[in-house]
Amino acid sequence: MTTTPRPAVRSTVHGYPRIGPDRELKRAEESYWKGATSAADLEKVAADLRLDTYARLRAAGIDDIPSNTFSYYDQVLDTAVLFGLVPARFEDPAAAADADERLRRYFALARGVQGAPPLEMTKWFDTNYHYLVPELSPDVLPRAAGDKPVAEFREALDAGYRTRPVLVGPLTFLLLSKAADDAPEGWSPLALLDDLLDAYASVLADLRAAGAEQVQLDEPVLATDEGRAALGHLERAYGVLGGLTDRPEIWVSTYFGSIGADALRVLKESPVEAVGLDFVTDDEGIADLTAVSGLGGTRLVAGVVEGRNVWRTDVPAAVATLGTLLGLADELTVSTSCSLLHVPIDLDAETSLAPELRAALAFAEQKTREVALLGRVLSEGLQDGHDADAAPAGPAFVDARVRARLQALGADAYERPQERGAPTDLALTTTTIGSFPQTGELRRARAAHRRGELDEAGYTAILRAEIDRVIALQEDIGLDVLVHGEPERNDMVQYFAEQLQGYATTENGWVQSYGSRCVRPPILFGDVSRPEPMTVEWITYAQSRTEKPVKGMLTGPVTMLAWSFVRTDQPLGDTARQVALALRDEVADLERAGIRHIQVDEAALRELLPLRREKRQEYLDWAVGSFRLATSGVSPSTTIHTHMCYSEFGLIVDGIEALDADVTSVEAARSRMELVADLGRRGYKRGIGPGVYDIHSPRVPSVEEIEASLRLAVSHIDAGGLWVNPDCGLKTRGYAEAEQALRNMVEAARRVRADL
């Protein structure tokens with residue numbers, strides 16, 4: 001009797017967190033930016049982190065280890081620099097020859113310098129990770145201008161790791177780029193495709209010469225409508241690159257959703273060696289494969305381990321999926337659904353999570369082991385000992401009172417009176433988004449209080465002193481509507497998660513958001529409720545220190561979900577409504593305390609928008625509904641504000657209007673007031689606060705620069721409905737730069753107001 005040999009199934013991951021187990025990259029970058037350490041010091045930290053990642057992946061049992069997934073800021077910016085696509089305002093003849101100057105220019109692109117605003121920043125698809133938007137024009141042609149992928153491959157090879165270099169694919173790069181301001185009207189970055197393919201060909205040849213056997217080109221844009229509409233460009237790109245003779249094997253990796261049978265057919269028929277598909281985000285991937293009769297001899301890289309959430313993999317279910325996939329491809333590699341940069345590094349660093357919750361979790365380190373285990377189960381027939389039920393469920397996670405209260409709500413719980421008072425009697429009302437700089441003293445006090453070394457009375461005194469300072473500073477600057485500065489908050493989501501039932505927070509679960517900015521997303525594991533008021537004490541104290549109005553500051557339900565790791569055992573809309581109900585109670589308490597401006601931030605409203613149009617209305621229905629549930633209980637005299645940042649909002653103008661907020665503040669400085677023009681064309685009538693100060697850059701905008709932005713805004717929107725504010729909160733900035741920028745902002749508003 002003969003038996004059929006098991007197929008050789010390999011394992012890999014799309015990428016791994018870059019920041020280091022103790023956020024070593026963050027500290028090294030910020031030290032370098034301050035001038036406290038050298039470029040060589042920063043590069044040494046980066047090299048050590050890369051080698052540590054390779055060692056971790058090998059120890060986990062991963063067969064094929066990726067490289068060039070490390071970045072000082074983000075992979076799209078790296079690609080622009082690699083191909084010499086740098087706007088003229090950043091060009092420096094010295095930068096071409098000097099490594100330290102090249103690094104300075106790189107960070108200038110990301111953060112800006114005086115006289116050179118940074119590249120626009122926006123969200124990486126529907127994640128809370130950000131990328132810098134390349135500015136392209138027909139006057140600057142792509143070329144192989146750098147050696148980062150080759151250098152990092154050689155570095156790994158010297159350390160004993162033959163890796164698979166990863167690059168952003170040409171179609172994704174071009175579709176995520178924008179035409180520079182000086183590009184001809186109607187010109188598209190896709191016009192650069194052939195020149196870009198020549199540049200890729202040069203890099204691929206260099207990688208092969210260095211010894212690379214495989215290269216991964218990431219094309220997540222294929223999960224979007226824009227990517228699916230560019231099939232001719234996709235066919236051209238991989239016909240050309242696959243047809244090269246001087247290259248490694250090419251893996252085209254897609255993620256964040258299915259790509260559709262048409263795009264999959266193009267890739268199957270192209271001369272590439274492997275295609276990566278996401279089988280976690282939606283359930284359409286197997287249908288796509290079946291529609292094209294499988295991949296045949298093209299290797300399938302199967303993303304069956306979730307790369308964006310922290311729940312353990314249901315191994316038996318994943319094995320069943322992989323068994324089906326073995327019938328649709330001759331060769332199979334088990335992988336994550338996307339890069340693991342979206343999850344914390346190691347669950348073993350957490351010591352305070354409840355045992356029953358901890359048992360349901362997996363961070364990057366654990367997910368790599370799951371991938372390796374799945375590979376061994378399929379190729380060796382191992383019996384897995386992994387619990388099948390990894391999803392959080394059961395009585396411990398359910399609160400019958402919350403569910404009954406939601407079920408009892410009527411339609412009027414989502415509606416506000418249409419007749420309302422004007423938010424203010426000013427044109428161009430000045431304010432800020434919420435947070436003020438978090439000083440070292442505040443951080444030390446918070447840490448001491450958390451450790452029990454500073455009692456409640458001492459901690460409260462420090463926070464009140466900071467509120468006093470912030471209120472006095474705003475009055476001196478001349479702002480019209482004030483904030484309390486949020487000194488009590490570590491993070492706009494974590495702060496509330498720590499006070500809501502149904503949430504858990506981590507000690508070391510850091511995730512990169514952009515550059516050196518890291519967050520600790522809380523874990524939403526059960527039904528959500530508010531045991532007691534969360535912000536009223538601080539807001540009412542601030543209001544007692546001034547005659548000017550002070551805004552109450554809350555984080556909205558969609559953003560509370562988007563920036564958390566959320567349970568998967570019920571629809572997101574149901575979870576959002578639970579959070580909204582808890583926030584509704586807080587809004588009511590603020591109003592009862594005399595607060596007449598209440599801001600409920602929905603910074604992530606655009607972020608969670610499904611990548612395909614056919615799924616967007618369903619999302620907007622529950623997203624808008626949850627915001628309205630949180631805010632609709634106020635009287636007509638109370639002004640509801642919201643805030644959104646760093647996403648292209650033109651796609652959801654209807655959704656913004658449907659929120660029914662009295663004032664919406666939005667990112668606008670880096671995106672050149674694009675949303676304001678969109679709103680103007682629609683005849684938008686509510687209050688809008690286009691950000692005129694980019695707080696993600698250390699540069700201080702001049703009065704004239706802000707004045708020009710405001711005059712552009714006034715040309716689109718009636719000045720009576722315009723508010724003047726920064727793009728986002730000031731938490732990450734220092735007082736010196738923030739104060740000067742705010743003074744410039746108030747003066748610019750005064751000048752424009754005088755001409756109305």
- Any idea which heavy atoms bring A201 and L244 closest together, and the distance? CB-CD1, 3.6 Å

- 4.5 Å side-chain heavy-atom contact, L222 and L267: yes

- Between R50 and E155, is there a side-chain N and carboxylate O pair less than 4.0 Å apart? yes

- Between E284 and K615, does a salt bridge (charged side-chain N to carboxylate O under 4.0 Å, His left out) hold up when you go through it step by step? CA-CA 13 Å; E284 300 171 27; K615 300 182 178 183; 3.3 Å; yes

- Item | Side-chain donor or acceptor of S11 paired with backbone N/O of D63 under 3.5 Å | yes

- Item | Side-chain ion pair, R236 and D194, N-O less than 4.0 Å | yes

- Task: Report yes if the side chains of L136 and F173 come closer than 4.5 Å at any heavy-atom pair, otherwise no.
- Result: yes

- Note on the structure: Between the CG atom in L241 and the OH atom in Y238, the distance rounded to the nearest 0.5 Å is 6.5 Å

- Is there a side-chain contact between V371 and I62 (heavy atoms, below 4.5 Å)? yes

- Is there a donor-acceptor contact under 3.5 Å from the side chain of T254 to the main chain of G276? yes

- Message: Distance check, rounded to the nearest 0.5 Å: T122 atom OG1 versus K178 atom NZ?
- Response: 10.0 Å

- Query: Where does the angle between the aromatic ring planes of Y106 and Y72 fall among parallel (under 30°), tilted (30 to 60°) and perpendicular (over 60°)?
  - Reply: perpendicular

- Parallel, tilted or perpendicular, as decided by the 30° and 60° cut-offs, for the rings of Y129 and W124: perpendicular

- Query: For L295 and L328, what are the C-alpha separation, side-chain angles and deciding distance, and is it a side-chain contact (heavy atoms from CB on, under 4.5 Å)?
  - Reply: CA-CA 6 Å; L295 286 186; L328 293 166; over 6 Å; no

Tell me which donor-acceptor pairs under 3.5 Å the side chains of residues 223-232 have, and how far apart each pair is, sequence neighbours excluded?
from: T224; atom 1: OG1; to: V221; atom 2: O; distance (Å): 2.6
from: T224; atom 1: OG1; to: E226; atom 2: N; distance (Å): 3.4
from: T224; atom 1: OG1; to: E226; atom 2: OE1; distance (Å): 3.4
from: T224; atom 1: OG1; to: G227; atom 2: N; distance (Å): 3.0
from: D225; atom 1: OD2; to: R613; atom 2: N; distance (Å): 2.6
from: D225; atom 1: OD2; to: R613; atom 2: NH1; distance (Å): 3.2
from: R228; atom 1: NE; to: I259; atom 2: O; distance (Å): 3.2
from: R228; atom 1: NH2; to: S258; atom 2: O; distance (Å): 3.0
from: R228; atom 1: NH2; to: S258; atom 2: OG; distance (Å): 3.3

- Is atom CD of E618 surrounded by more than 12 heavy atoms (other residues, nucleotides or ligands) closer than 6.0 Å? no

- Message: Using modelled atom types and a 3.5 Å cut-off, is there a donor and acceptor pairing between side-chain atoms of E213 and backbone atoms of P248?
- Response: no

- Please examine the side chains of I286 and F279, heavy atoms only from C-beta on, and report whether any two atoms are closer than 4.5 Å. yes

- Query: Would you say the side chain of V252 lies within less than 4.5 Å of the side chain of Q216, judging by non-hydrogen atoms?
  - Reply: no

- What are the two closest heavy atoms between T313 and V304, and how far apart are they? CG2-O, 4.3 Å

- Query: Considering the options R612, R308, R616, which one meets the salt bridge (Lys or Arg N to Asp or Glu O under 4.0 Å) requirement together with D126?
  - Reply: R308

- Kindly determine whether F83 and L196 satisfy side-chain contact (heavy atoms from CB on, under 4.5 Å), including the steps that lead there. CA-CA 8 Å; F83 294 124; L196 185 61; 3.8 Å; yes

- Item | Candidate pair D52 and R56, rule salt bridge (charged side-chain N to carboxylate O under 4.0 Å, His left out), full reasoning | CA-CA 6 Å; D52 177 70; R56 286 172 176 269; 2.8 Å; yes

- Please confirm whether the backbone N or O of G307 pairs with a side-chain atom of S337, one donor and one acceptor, at under 3.5 Å? yes

- Message: Test your reading of the model: is there a side-chain donor-acceptor pair from T79 to the backbone of Q75, 3.5 Å cut-off?
- Response: yes

- Could you tell me whether the side chains of Y16 and E365 share a donor-acceptor contact shorter than 3.5 Å? yes

- Counting only N and O atoms by type, is there a donor-acceptor contact under 3.5 Å from the side chain of T127 to the main-chain atoms of K123? no

- Task: Could you check if a side-chain atom of V280 sits within less than 4.5 angstrom of a side-chain atom of Y255, using non-hydrogen atoms only?
- Result: no

- For L620 and L609, run side-chain contact (heavy atoms from CB on, under 4.5 Å): C-alpha distance rounded to whole Å, both residues' side-chain angles, the deciding distance at 0.1 Å, then the answer. CA-CA 8 Å; L620 287 172; L609 188 74; 4.1 Å; yes

- Task: Please answer whether the main-chain N or O of L77 pairs with a side-chain N or O of D74 as donor and acceptor at a distance below 3.5 Å.
- Result: yes

- Item | Side-chain donor or acceptor of T163 paired with backbone N/O of P165 under 3.5 Å | no

- Working to the nearest 0.5 Å, report the span between CG of L361 and NZ of K367. 9.0 Å

- Euclidean distance, S253 OG relative to E219 CD, rounded to 0.5 Å: 9.5 Å

- Could you walk me through whether D64 and R10 pass the salt bridge (charged side-chain N to carboxylate O under 4.0 Å, His left out) check? CA-CA 8 Å; D64 300 318; R10 299 184 66 79; 3.0 Å; yes

- Item | Heavy-atom closest pair, residues V511 and P344 | CG2-N, 3.6 Å

- Query: Are R105 and F90 in a cation-pi contact, defined as NZ or CZ under 6.0 Å from the six-membered ring centre and within 45° of the axis?
  - Reply: no

- Nearest 0.5 Å please: distance from the CG atom of L171 over to the CG atom of L190. 6.5 Å

- Query: With a 4.5 Å limit on heavy-atom distance, are the side chains of L109 and Y73 in contact?
  - Reply: no

- Note on the structure: Scanning both residues in full, the closest heavy-atom pair of L193 with P170 reads CD1-CB, 4.4 Å

- Message: Can you see whether T281 engages D278 through a side-chain donor-acceptor pair at a distance of less than 3.5 angstrom?
- Response: yes

- Task: Verify whether the ring centers belonging to Y131 and Y514 lie closer than 6.0 Å.
- Result: no

- Query: Will you find, in the side chains of S67 and R164, an N or O donor that is under 3.5 Å from an N or O acceptor?
  - Reply: no

- Message: Set out, in order, the CA-CA distance, both residues' side-chain angles and the distance that settles salt bridge (charged side-chain N to carboxylate O under 4.0 Å, His left out) for R247 and E273, then state yes or no.
- Response: CA-CA 12 Å; R247 64 168 178 85; E273 283 72 25; 3.0 Å; yes

- Task: Taking the side chain as every heavy atom from C-beta outward, state whether Q214 and E249 have any pair of such atoms under 4.5 Å apart.
- Result: yes

- Message: With no hydrogens and no angle check, just 3.5 Å: does a side-chain donor-acceptor pair link Q366 and D346?
- Response: yes

- Query: If you measure from CZ on F70 to CG on L49, what distance do you get to the nearest 0.5 Å?
  - Reply: 6.0 Å

- Between P66 and T12 the two heavy atoms that sit nearest each other are CD-OG1, 4.4 Å

- Message: Restricting to non-hydrogen atoms, name the atom on T298 and the atom on A329 that form the minimum distance, rounded to 0.1 Å.
- Response: O-CB, 4.3 Å

- Between the side chain of N68 and the main-chain N/O of V166, is any donor-acceptor distance below 3.5 Å? yes

- Which is it for Q570 and T575 under the side-chain contact (heavy atoms from CB on, under 4.5 Å) test, yes or no, and what are the steps along the way? CA-CA 7 Å; Q570 68 179 13; T575 305; 2.8 Å; yes

- Query: Checking R208 side chain against T245 main chain: does a donor-acceptor pair fall under 3.5 Å?
  - Reply: yes

